Structure formats: structure tokens, C-alpha cells
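What follows is a set of notes on a single structure, which appears directly below.
Just so you know, these numbers use all the heavy atoms, side chains as well, and skip hydrogens, waters and symmetry mates. The chain is numbered in sequence order, starting from 1. These figures come from a predicted structure and were not determined experimentally.
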Amino acid sequence: ERTWLDENGKVIQVSDLEQGETIWGYFKVKRNSKTSKKPLEELALTQIIPSGWEVNNTRLSDEVLPSWTKQFELGEEEYLDIRDDRVSWFFDLKYNKKEMEFLVKLSVVSTGKYLLAPTLAEAMYDHAYKSIIPAEKVTVTKP
């Protein structure tokens, strides 16, 4: 699942945003009935960010997450890779784990029309396990 949230944790559409907004990307990877009886290991979730947006690395800023984020189970990944243009989470779904949740803070910085790349969750060494949320067009306008 891929959901976009505003600064208050409310669900928003990102097809038309204003420059200067802060948004949050919320992602959830869940097991399906076919994978419920086996561990899924060496999984990767990657979201490439449109060039008009910017990743806010809350790890570096030691920023305290907003109170509305307490509803999520965050920080359970084994490794988090934050780059200028993408965020990747690496994790395992053991027998007892049905889903994992991930969150990233983003700034909307440059006006224009962009493509929000597909969200990709996959087992890195077993290509039988892959999920893709399609790309979508986004526009950033002046406030």
C-alpha cells in the first residue's frame, strides 16, 4: 500500500501539490494468503521521488515524529537507505510478522510536472515475490 499524508496525518492526493508543502509517504507491505506460512527474507521496498520533491532525512536532523505517527509500527527495518532521489527499506517478514509499515517525510520544492515512479516491493533473491504500485503524474504549483 502507498498512501500520502499531510502534516496532520490526513490522507491527501499528490496529483496537485503546492510548492512549500510538507507531505509524508506511508507504505505498508503485507503478506497475502500464499505467503502466510513461510518467512519472506531479504525484502526491499523502494520509492523513487519526483525531482520536484525532496526527502527530509529525519534521522540526521534528530527530528521528533508528529504524535499522529504513533499509530504506526515504524523503525523495524534492518536497513534504511536514503538518497537524494529515493528511499529504500530492507527487511524480513518472519513467520510471526504479517506486515511492516514505513514512513518518509518529503518537501515539495520545485514547480512543474513530474512523474512519481512506481513503488516496488520485492524479494531481492527470489523473483517470485514482487509487488508494484503504478506510477502517477504529479504537478507542483506556486502557492
What is the minimum heavy-atom distance between [X] and [Y], and which atoms define it?
X   : Y    : result
E54 : I49  : N-CG2, 4.5 Å
N56 : L106 : ND2-C, 3.9 Å
R31 : P39  : NH2-CA, 3.8 Å

What is the distance from atom [atom1] of [X] to atom [atom2] of [Y], rounded to the nearest 0.5 Å?
X    : Y    : atom1 : atom2 : value
T46  : W89  : OG1   : CH2   : 8.5 Å
W53  : T22  : CH2   : OG1   : 12.0 Å
D126 : E42  : CG    : CD    : 11.5 Å
L17  : S107 : CG    : OG    : 11.5 Å
T3   : I133 : OG1   : CD1   : 8.0 Å

Any link between [X] and [Y] through a network of hydrophobic side chains (Ile, Leu, Val, Met, Phe, Trp, Tyr) touching at under 4.5 Å?
X    : Y   : value
Y129 : L93 : yes
L116 : L5  : no
V138 : I23 : yes
L103 : I48 : no
W24  : V11 : yes

Residue pairs, two or more places apart or on separate chains, that pass side chain to side chain donor-acceptor pair (under 3.5 Å) and touch residues 109-120: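 Residue pairs with at least one partner in residues 109-120: R2-T119, Q47-T119.
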Worked verdict on E136 versus V14 for side-chain contact (heavy atoms from CB on, under 4.5 Å): CA-CA 9 Å; E136 62 183 286; V14 294; 3.9 Å; yes
Who pairs with Y26 by side chain to side chain donor-acceptor pair (under 3.5 Å), at least two apart in sequence or on another chain?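 Here the qualifying residues are E101.
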Applying salt bridge (charged side-chain N to carboxylate O under 4.0 Å, His left out), name anything that partners K10, two or more places apart in sequence or on another chain.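 With sequence neighbours excluded, K10 shows a salt bridge (charged side-chain N to carboxylate O under 4.0 Å, His left out) to no residue whatsoever.
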Please identify each residue that fulfils side chain to side chain contact (heavy atoms under 4.5 Å, CB included) with L60, with sequence neighbours left out.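 For L60, the residues satisfying side chain to side chain contact (heavy atoms under 4.5 Å, CB included) (neighbours in sequence not counted) are N57.
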Can you name the residues that form a side chain to side chain contact (heavy atoms under 4.5 Å, CB included) with T141, not counting sequence neighbours?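 Residues passing side chain to side chain contact (heavy atoms under 4.5 Å, CB included) with T141: D16, E18, T139.
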Report the relative orientation of the aromatic rings in W4 and F27; use parallel for angles under 30°, tilted for 30 to 60°, perpendicular for over 60°.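 Geometry flag for F27 against W4: perpendicular rings.
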Does the side chain of S15 come within less than 4.5 Å of K137's, by heavy atoms?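 Contact flag for K137/S15 side chains = no.
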For residues V29 and F91, determine if any side-chain heavy atom of one lies less than 4.5 Å from a side-chain heavy atom of the other.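 Yes. Closest side-chain heavy atoms under 4.5 Å.
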For residues 68-85, please give each side-chain donor-acceptor pair under 3.5 Å, one per line with the distance, not counting sequence neighbours.
unit_1 : atom_1 : unit_2 : atom_2 : d
W68    : NE1    : E7     : O      : 2.9
T69    : OG1    : P66    : O      : 2.7
Q71    : NE2    : W68    : O      : 2.9
E73    : OE1    : K97    : NZ     : 3.4
E76    : OE1    : K97    : NZ     : 2.7
D81    : OD1    : R83    : NE     : 3.2
D81    : OD2    : R83    : NE     : 3.0
D81    : OD2    : R83    : NH2    : 3.2

With a 3.5 Å distance limit and no angle check, can you tell me whether D92 reaches the backbone of K94 through a side-chain donor-acceptor pair?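 Not confirmed, D92 side chain does not pair with K94 backbone.
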